[in-house]
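These notes concern the structure reproduced below.
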Amino acid sequence: MSHQLPEHPDRLWRTPDPKRSYDVVIVGAGGHGLATAYYLARNHGITNVAVLERGWLAGGNMARNTTIIRSNYLCEESAALYEHALKLWEVLPQELEYDFLFSQRGVLNLAHTLQDVREGTRRVNANRLGGVDAEWLDADQVREFCPIVNTSPDVRYPVLGATLQPRAGIAKHDHVAWALARKADEYGVDLIQGCEVTGFLREGDRVVGVRTSRGPIGAGRVALAAAGHSSVLADLAGLRLPVQSHPLQALVSELLEPVHPTVVMSNHVHVYVSQAHKGELVMGAGVDPYNGYGQRGSFHQIEHQMAAALELFPVFARAHVLRTWGGIVDVTPDASPIIGPTPIENLFLNCGWGTGGFKATPASGWVYAHTIATGEPHPLNAPFGLERFTTGALIDEHGAAAVAH
Amino acid sequence: MLLIACPWCGERDELEFHYGGQAHVAYPADPEGLSDAEWGEYLFVRDNTKGPFAERWSHAAGCRRWFNVVRHTVTHQILAVPSDRPTAAGRPKPVTA
Ligand SMILES: Cc1cc2nc3c(=O)[nH]c(=O)nc-3n(C[C@H](O)[C@H](O)[C@H](O)COP(=O)(O)OP(=O)(O)OC[C@H]3O[C@@H](n4cnc5c(N)ncnc54)[C@H](O)[C@@H]3O)c2cc1C
Ligand SMILES: [Zn+2]
């Protein structure tokens with residue numbers, strides 16, 4: 001008995017040809033590019049905007065992620081940014097007039113070692129001080145909240161407890177993209193698919209447009225939102241980024257009855273699992289260690305995550321894997337994103353979300369739109385500038401990023 | 001899964017290796033003289049090539065030695081590994097992209 005998917009609205013978006021120039025050109029029609037276009041129009045009244053996408057709309061990581069949304073990060077800067085996103089998620093379905101099945105079913109981050117327990121309780125305290133909902137559960141409370149988790153003390157890495165963020169959850173990622181695209185289009189934004197950016201138009205130190213597979217397009221400002229391909233693009237502008245691209249993969253099972261009431265993540269044994277609205281178990285794990293752009297991952301990562309999943313959820317033993325796929329994520333040295341202006345005038349950067357940018361989609365668009373419109377970062381993204389790799393003011397979120405990289 | 005040829009042990013599967021990132025990144029010759037920006041560049045910025053990429057691997061679960069490989073980061077094909085075992089004359093020559 002799975003959920004009924006919501007009906008789509010009658011009209012989605014136009015497919016216009018590119019104009020000769022725009023006030024703002026956004027490169028990449030993933031969630032972040034689309035949210036940026038939406039908030040440029042909604043918050044700043046800037047509607048002479050094109051979003052250029054080399055493939056099809058939201059066919060990159062937006063289509064490949066496991067849709068987990070939470071804001072229980074450790075550092076104040078990140079918790080503030082992701083919490084801004086979570087508050088926007090709570091109002092967006094109504095604002096965009098499009099149901100994308102945002103389901104606040106909670107997220108458990110399991111602890112299997114004394115160190116995990118210490119890290120988890122510290123993060124719960126930090127979150128509460130920062131106004132983010134968070135609770136610490138012991139093993140019995142974990143079993144109560146999610147009865148299918150194996151909390152026996154006899155497994156190799158017993159569950160000692162978990163953090164719980166009750167307002168966290170999942171959403172239907174494709175619908176999120178389509179909802180943002182539809183509203184951006186309604187404001188007059190041109191969404192142009194099959195249009196690859198291949199270079200930049202320069203006047204001295206300034207960027208004045210982009211070269212594309214559909215000809216040159218002038219732009220007052222150019223905003224990159226190309227996720228795993230950001231350094232390929234930045235190279236074309238002569239800018240070197242502290243970003244490495246890695247394959248990250250996920251898989252789904254066949255459809256099952258509703259058995260899994262929440263989202264469970266385990267950093268230590270390395271798997272995370274939720275149940276999609278239709279009924280598939282959705283699972284992910286860590287990135288492949290090496291750089292890659294091949295949009296597939298190693299098979300041994302799958303074996304590893306399935307072994308962990310089976311120990312934690314013996315009830316999954318007979319579930320079949322239906323599909324596996326990979327995306328290319330852009331990882332920074334401190335596991336935090338880079339959002340802000342660049343040393344090149346009129347060129348803006350939004351990248352480095354790594355394995356966890358879906359949850360940030362609305363806040364990323366909100367602060368990026370502000371940065372592009374005003375030329376200055378919003379207070380929420382000011383700490384996330386490129387200059388932190390010179391000043392050393394890193395935002396080290398490796399622990400709370402929840403996926404090994 | 002990659003099949004990687006360790007120059008000392010021969011072909012082994014990826015699980016025996018540890019990845020070391022971009023090859024040929026030299027420690028700064030004059031560390032005292034570096035600006036903050038240059039230190040930032042040395043510590044945090046590496047090439048992120050889409051195509052043939054010279055990188056380091058260590059045969060962590062085998063002979064534990066480091067060596068260089070050129071791998072295509074889209075196809076994952078390994079295009080070059082050092083062919084010579086070390087001799088009295090020294091270590092094998094590094095490969096470059
Ligand atoms: C397997 C997997 C699981 C994940 N799970 C989660 C999760 O549970 N929760 C979470 O918060 N995050 C998760 N993520 C991360 C999340 O998907 C990304 O951080 C986020 O989607 C990145 O932003 P985006 O949506 O704009 O990127 P994308 O959707 O990748 O958008 C970038 C777009 O730019 C386009 N592009 C690139 N180069 C060019 C060019 N030259 N010209 C024109 N267009 C170009 C691409 O085609 C692409 O459509 C996961 C990622 C993967 C791969
Ligand atoms: Zn060896």
Side-chain angles (χ1 to χ4, degrees), chain A residues 54 226-236 239-247 249 286-304 326 328-336 338 343 351-352 354 385-396 404-405, chain B residues 1-6 11-25 28 31 33-61 66-81 95 97:
Chain A
R54 65 179 185 144
H229 277 75
S230 296
S231 36
V232 175
L233 271 163
D235 267 352
L236 297 171
L239 186 65
R240 274 165 67 76
L241 299 182
V243 162
Q244 299 281 291
S245 296
H246 291 263
Q249 57 187 328
V287 298
D288 277 13
Y290 48 79
N291 295 29
Y293 289 92
Q295 292 201 149
R296 62 175 184 270
S298 307
F299 190 72
H300 63 83
Q301 295 280 4
I302 295 178
E303 280 186 306
H304 196 81
I328 301 306
V329 298
D330 46 345
V331 177
T332 60
D334 60 357
S336 290
I338 305 169
C351 69
L386 200 47
E387 62 285 351
R388 74 178 187 273
F389 298 100
T390 300
T391 61
L394 302 184
I395 302 167
D396 186 359
H405 40 50
Chain B
M1 181 128 37
L2 304 177
L3 186 62
I4 301 173
C6 169
E11 290 187 336
R12 300 297 175 89
D13 100 37
E14 177 192 334
L15 285 176
E16 294 189 13
F17 296 87
H18 179 82
Y19 187 58
Q22 186 182 352
H24 313 301
V25 180
L34 291 197
S35 67
D36 287 352
E38 286 164 334
W39 266 120
E41 171 90 12
Y42 169 69
L43 286 173
F44 300 125
V45 182
R46 295 290 179 270
D47 292 349
N48 189 18
T49 310
K50 186 174 184 177
F53 183 55
E55 62 190 13
R56 303 168 74 230
W57 289 86
S58 139
H59 191 187
W66 285 95
F67 59 97
N68 295 342
V69 159
V70 177
R71 179 179 56 95
H72 196 290
T73 59
V74 181
T75 63
H76 297 309
Q77 197 184 351
I78 292 177
L79 304 169
V81 281
V95 286

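Keep in mind the model is a prediction, meaning the values are calculated, not measured.
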Using atom types as modelled and no hydrogens or angles, find all donor-acceptor pairs between chain B and chain A shorter than 3.5 Å.
from, atom 1, to, atom 2, distance (Å)
B:Glu14, OE2, A:His300, NE2, 3.0
B:Tyr19, OH, A:Asn291, OD1, 3.4
B:Glu41, OE2, A:Arg240, NE, 2.8
B:Glu41, OE2, A:Arg240, NH2, 3.3
B:Arg46, O, A:Gln244, NE2, 3.4
B:Asp47, O, A:Gln244, NE2, 3.1
B:Asp47, OD1, A:Arg240, NH1, 2.5
B:Asn48, O, A:Tyr293, OH, 2.6
B:Asn48, OD1, A:Ser245, N, 3.1
B:Asn48, OD1, A:Tyr293, OH, 3.4
B:Asn48, ND2, A:Ser231, OG, 2.5
B:Asn48, ND2, A:Val243, O, 3.3
B:Asn48, ND2, A:Ser245, OG, 3.0
B:Asn48, ND2, A:Tyr293, OH, 3.3
B:Lys50, NZ, A:His229, NE2, 2.8
B:Arg71, NH1, A:Asn291, O, 3.0
B:Arg71, NH2, A:Asn291, O, 2.6
B:Thr73, O, A:Tyr293, N, 2.7
B:Thr75, O, A:Arg296, NH2, 3.3

Legend entry - chain B contact via A:Ile328 - which portion, at a heavy-atom distance below 4.5 Å: neither
Legend entry - Part of B:Leu2 lying under 4.5 Å from any heavy atom of chain A: side chain
Inset, instruction - Counting only heavy atoms closer than 4.5 Å, note whether A:Pro333 contacts chain B via side chain, backbone, both or neither. - result: side chain
